[in-house]
2 protein chains.
Amino acid sequence: MNTESLAFSTPRESLGILLGLVRAEIVRAMEAELATKGLSLSFTQFLIIKRLARLGPMSATELARSVELDGGAMTRQLDQLERKGYLRRCRHEQDRRTLRIELTDAGDSLWRQLTDCNERVLSAAQRSLDEAEQIRLHDYLERVLHALRDKN
Amino acid sequence: MNTESLAFSTPRESLGILLGLVRAEIVRAMEAELATKGLSLSFTQFLIIKRLARLGPMSATELARSVELDGGAMTRQLDQLERKGYLRRCRHEQDRRTLRIELTDAGDSLWRQLTDCNERVLSAAQRSLDEAEQIRLHDYLERVLHALRDKN
DNA sequence: AATACATATTTGCCTTGACAAACATACTTC
DNA sequence: GAAGTATGTTTGTCAAGGCAAATATGTATT
């Protein structure tokens, strides 16, 4: 087996691009779904709401890390979402540096609207994979992520 | 099987986030690699050089599409890369609207330096997957991409 | 307790990329 | 071939995000 055919059988070279393309397509699809419901939320804002709905109140830093967003950018997103009335900044009891970001009632009911969009996009994305493949895809991505983070 | 355990066994809900995390990690790793070689190239610029090196001269629009970049953004990236001497804008013979972007000699030798970085990052990323799994990951991602694009 | 250091959030500054308008060049139709 | 339409590139404008400095608060050391 020569180098060419090896390169062909393991097209490792485009993983970075491919991930970008898939992600961009998901973002596009999600924002389109949101738009059809008359909601003007960015994908980032959708992720923030989702995180809070799924995992409950947490600090701005935890939130930022979990959606891979810079701390400064998070402050500004929180400004917007608070202004729209979807969440609240509370002070942490013990550590007064830290915020406790929590959804308001409006935020909760927003999330109930968003679950639909979420479901539809993810179904569309994964409809070409059977259940076992979906799980494997997720597993592979997790493993790649850990491999990159724990660079021994 | 209740809803909870189903949700747990098919964690479809975080595919968007997960893709973002993996991609961000690859970008970080690549820019770190570039930095260790004293090269100040963004990931986007790396992709542009790579595309040209792999596929040969093409128009700005083709290039933009292949790295999922807006046309306007591409113009400015080309400005920078041309200023650094890595590529040339030539006019297309038949269609004088169209550019033919080609690497200069400096661009070619830059790419020879970059292949190392590319290899190291992709190896790091995929070292936790065996050969068959790497191929499957690629295949799954392609299928997800097509499922999203051809929304019948 | 005073000093030094670490962490959480905010703000300012800058770069990048999306979108739209402008412009140049092709193509099509009458 | 003139008018209208489509395509490729450039430019202006704006919002989003990264980075660094500023500020506030907590923790550790002496």
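By convention in this document, chain letters (A, B, ...) are assigned in the order of the sequence lines, proteins followed by strands, and residues within each chain are numbered from 1. Below, each value reflects all heavy atoms present in this structure, side chains not excepted, and no hydrogens, waters or symmetry copies.
Only one option out of A:Thr104, A:Ile48, A:Leu110 pairs with A:Leu81 in a side-chain contact (heavy atoms from CB on, under 4.5 Å); it is A:Ile48.
Residue contacts for B:Thr61: at a heavy-atom cut-off of 4.0 Å it reaches the sugar-phosphate backbone alone, with no base atom in range. When heavy atoms are screened at a 4.0 angstrom cut-off, A:Arg89 is found touching the sugar-phosphate backbone but no base atom. Counting any heavy atom pair closer than 4.0 Å across all strands shown, B:Arg65 reaches no nucleic acid atom.
Aromatic ring pairs are classed by plane angle as parallel below 30°, tilted from 30° to 60° and perpendicular above 60°; the pair B:Tyr140 and A:Tyr140 is parallel.
For the pair A:Gln94 and B:Gly72, nearest-nucleotide mapping onto DNA chain D gives the more 5' position to B:Gly72. Taking the nucleotide of DNA chain D with the nearest heavy atom to each of B:Arg91 and A:Leu69, the more 5' of the two is matched to B:Arg91.
Per the geometry, CD belonging to A:Glu68 stands 12 Å off C1' belonging to D:dG17, to the nearest Å. Protein atom CZ of B:Arg28 is 11 Å distant from nucleotide atom C1' of D:dG18, rounded to whole Å. Taking atom CE of A:Met74 as the reference point, atom C1' of D:dG18 lies 14 Å away to the nearest angstrom. Atom CD1 of B:Ile101 and atom P of D:dG8 are 13 Å apart (whole Å). Rounded to a whole Å, the CZ atom of A:Arg83 is 13 Å from the C1' atom of D:dA15. Here D:dA16 presents its C1' atom at 14 Å from CG of A:Leu81, a figure rounded to the nearest Å. Going from atom NE2 of A:His92 over to atom P of D:dT27 covers 11 Å, rounded to whole Å. Going from atom CG of A:Asp95 over to atom C1' of D:dA24 covers 11 Å, rounded to whole Å.
Salt-bridge check for B:Arg112 with B:Asp108: failed, with every basic side-chain N at 4.0 Å or more from each acidic carboxylate O. Between A:Glu62 and A:Arg65 there is no salt bridge, since no side-chain nitrogen of the basic residue lies less than 4.0 Å from a carboxylate oxygen of the acidic one. Between A:Arg76 and A:Asp70, none of the side-chain N atoms (NZ, or NE/NH1/NH2) sits under 4.0 Å from a carboxylate O, so this pair counts as no salt bridge. A salt bridge is defined here as a Lys NZ or Arg NE, NH1 or NH2 lying under 4.0 Å from an Asp or Glu carboxylate O, and A:Arg136 with A:Asp130 fails to meet this definition.
With a heavy-atom cut-off of 4.0 Å to chain B, the contacted part of DNA chain C has its first and last nucleotide at C:dT16 to C:dA26.
Listed in residue order, the members of residues 31-47 of chain A having a heavy atom less than 4.0 Å from DNA chain D are A:Thr44.
The side chain of B:Thr98 sits closest to D:dT9 out of D:dG26, D:dT9, D:dG17. Minimum atom distance to the side chain of B:Arg76 is reached by D:dG12, of the listed D:dG17, D:dT25, D:dG12.
B:Arg97 contributes no side-chain N or O that forms a donor-acceptor pair with the base of D:dT9 under 3.5 Å.
Phosphate proximity of D:dA16 to A:Gln80: present, with a side-chain N or O under 4.0 Å from OP1 or OP2.
Residues B:Glu68 and B:Leu47 are not in side-chain contact: their nearest non-hydrogen atoms beyond the backbone lie 4.5 Å or more apart.
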For this session: May I have the step-by-step check of side-chain contact (heavy atoms from CB on, under 4.5 Å) for A:Met58 and A:Leu52, ending in yes or no?
Result: CA-CA 7 Å; A:Met58 65 181 82; A:Leu52 289 172; 4.2 Å; yes
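Between its opening and closing five pairs, the helix from C:dA1-D:dT30 to C:dC30-D:dG1 changes axis direction by 20°, a value rounded to 10 degrees.
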